[in-house]
2 protein chains.
Amino acid sequence: MTSVDALASLGRARALVARSTTAERVADAVREEVVEGRLRPGERLPEQDVCTALAVSRNTVREALSQLVAERVLVREAHRGVFVARPDRDAVRDVYRARRLIEPAAVRYGEAWSRDGVAALRTAVQEGHAAAAAGDWNAVGSANQHFHRALVGLAGSPRLDQQMGLLLAEMRLVFHRMPDVREFFEPYLARNDAICALLEAGDRAAAADAVTDYLDAALAQLLDAYDALDR
Amino acid sequence: MTSVDALASLGRARALVARSTTAERVADAVREEVVEGRLRPGERLPEQDVCTALAVSRNTVREALSQLVAERVLVREAHRGVFVARPDRDAVRDVYRARRLIEPAAVRYGEAWSRDGVAALRTAVQEGHAAAAAGDWNAVGSANQHFHRALVGLAGSPRLDQQMGLLLAEMRLVFHRMPDVREFFEPYLARNDAICALLEAGDRAAAADAVTDYLDAALAQLLDAYDALDR
DNA sequence: TCTTGCAGGATTGTTGAACAATCCTTACGC
DNA sequence: GCGTAAGGATTGTTCAACAATCCTGCAAGA
């Protein structure tokens with residue numbers, strides 16, 4: 001006799017079984033190339049090239065590329081092709097507009113605030129420090145993303161987690177436009193540490209304010225960098 | 001001699017020129033059917049049927065359906081087909097978890113708070129009252145969505161607007177599972193009015209708190225309805 | 001020199017047909 | 001009632017083709 005609880009538990013695992021059509025795997029592969037920076041912002045992705053590179057048919061490739069367009073990782077121009085997204089000033093401003101509402105709110109009011117949630121933050125902070133000590137600034141960027149993902153994780157909302165994933169993927173494209181990312185990550189190691197400490201002390205309001213300050217500072221720095229970037 | 005300003009203005013209009021591939025139009029058509037409730041939650045959409053109904057090829061249909069799956073309007077089960085999404089308790093809880101963070105924050109801190117923004121709210125409120133007077137509770141639901149869309153619009157963020165659009169589309173599917181929607185819309189006409197009045201008076205903090213209360217009440221009512229719904 | 005118009009080639013948008021893999025149904029035997 | 005096998009239907013994926021559109025280069029004209 002199987003218990004109802006056991007069946008419900010199995011039901012939640014269904015997503016793991018079902019996964020993985022070819023189109024999804026193609027999308028995953030291309031997304032990986034983009035967020036890791038091996039495909040530069042603005043670069044073109046001819047369908048035929050993706051077909052031969054991954055040995056799948058053009059229809060499947062189109063399905064995968066459409067998904068990445070919906071994720072804002074790529075942009076499609078009709079009859080011209082798909083390109084790696086190249087976020088402009090407005091995009092950066094808007095991403096931070098969204099983050100500035102979501103992240104502090106998750107810290108202040110998130111339902112999933114718990115010892116485990118804060119522990120995930122601490123892990124990301126340590127990951128960042130370790131990467132900085134090793135001089136791997138790309139890894140520091142990844143750790144930073146884990147930190148902010150963990151912040152939003154305090155809300156306990158899969159939908160917000162997913163949305164945050166899109167915003168952070170877009171941020172990676174922003175950083176890939178920058179000549180040197182160290183200046184964008186180094187100042188925030190200490191800030192992450194401070195935010196984490198406030199949360200460990202249980203002061204969610206102060207932590208939320210610190211996150212707001214953090215985001216304002218990061219946006220200002222990025223906009224300055226954009227001024228120096230294109231004309 | 002064309003001025004630089006005029007060219008920049010044209011550039012901003014580019015999105016209007018580029019629009020409209022067949023797959024997008026198919027996606028729009030199917031989304032419309034779902035959101036308007038002519039396709040019920042849980043209903044199956046065989047690819048072939050969509051092909052013949054809209055006179056497009058199966059590949060194009062698949063591209064459109066994939067997009068709607070990404071929007072959570074449809075769900076795909078491998079080798080079984082796509083179905084109109086049928087949000088369960090967890091989905092409802094999570095949608096409200098997200099809304100409860102985003103909407104009050106937009107009201108409290110939104111950058112686009114302005115006379116025009118509040119005017120859009122007032123318009124939605126009046127639309128709701130008019131529809132209620134006419135006894136058209138479906139239209140009241142639409143007006144309610146316009147109201148919440150306008151709330152998030154106060155943030156002035158296209159990305160948040162889009163996210164809110166997805167959440168509201170999911171909410172329509174929730175309501176389409178309900179036998180009678182009047183009970184879900186009627187109590188909130190007065191609440192919308194009150195929230196709008198607070199914002200017209202410039203009291204954003206009180207308005208944000210009222211939005212939070214609103215969402216908590218709506219979620220509780222919906223979960224009760226779900227208890228009465230499935231077993 | 002600068003612009004305009006026009007072939008030619010390449011890529012995208014879309015279609016149609018095909019096939020293997022998988023699922024659903026039904027019938028059969030136990 | 002339960003496991004199993006056969007048959008049909010649908011999905012996942014590929015291939016090949018064509019029209020529409022874009023880009024390039026070049027020639028003609030102001």
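These numbers come from the heavy atoms of this one structure, side chains and all, not from hydrogens, waters or symmetry mates. Throughout, a chain's letter reflects where its sequence line sits, starting with A, and its residues are numbered from 1.
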Visitor: Output the rounded distance in Å from CG (B:L54) to P (C:dT14).
Guide: 13 Å
Visitor: In a check of side chain to side chain contact (heavy atoms under 4.5 Å, CB included) between B:M171 and each of B:N144, B:L166, B:L222, which one passes?
Guide: B:L222
Visitor: Report the residue from A:F147, A:F175, A:W137 that forms a ring-ring contact (aromatic ring centres under 6.0 Å, His included) with A:F185.
Guide: A:F175
Visitor: Taking DNA chain D as the partner, which of residues 58-70 of chain B come within under 4.0 angstrom of it by heavy atom?
Guide: B:R58, B:N59, B:R62
Visitor: Any salt bridge between A:D28 and A:R25, counting N to O under 4.0 Å?
Guide: no
Visitor: Just the rounded figure in Å: distance from P of D:dC22 to CD of A:E77.
Guide: 11 Å
Visitor: Provide, to the nearest angstrom, the distance between the CZ atom belonging to A:R76 and the P atom belonging to D:dT21.
Guide: 16 Å
Visitor: Would you say D:dT13 has OP1 or OP2 under 4.0 Å from some side-chain N or O of A:T22?
Guide: yes
Visitor: Taking atom CD of A:Q163 and atom CD of B:Q162, what is their separation to the nearest 0.5 Å?
Guide: 7.5 Å
Visitor: Are the side chains of A:V84 and A:R40 in contact, using a 4.5 Å heavy-atom criterion?
Guide: no
Visitor: With a sphere of 6.0 Å drawn around CD of A:Q48, does it hold more than 12 non-hydrogen atoms of other residues, nucleotides or ligands?
Guide: no
Visitor: Rounded to whole angstroms, how far apart are CD on B:Q48 and P on D:dT11?
Guide: 8 Å
Visitor: Estimate the overall bend of the helix from C:dT1-D:dA30 to C:dC30-D:dG1 from the end axes over five pairs each, rounded to 10 degrees.
Guide: 20°
Visitor: Between N or O atoms, less than 3.5 Å apart, protein on one side and nucleotides 8-10 of chain D on the other: list the pairs.
Guide:
residue, atom, partner, partner atom, Å
D:dT10, O3', B:R44, NH2, 2.9

Visitor: Indicate yes or no: at least one non-hydrogen side-chain atom of A:R172 is less than 4.5 angstrom from one of A:N138.
Guide: yes
Visitor: Does a side chain donor of either B:Q67 or B:E71 reach within less than 3.5 Å of an acceptor in the other side chain?
Guide: yes
Visitor: Would you check if the side chain of A:R99 reaches a backbone N or O of A:L168 as a donor-acceptor pair within less than 3.5 Å?
Guide: no
Visitor: Does the separation of the ring centres of A:H148 and A:Y188 fall below 6.0 angstrom?
Guide: no
Visitor: Looking at B:R97 and A:G156, would you say the former's side chain and the latter's main chain have a donor-acceptor pair under 3.5 Å?
Guide: yes
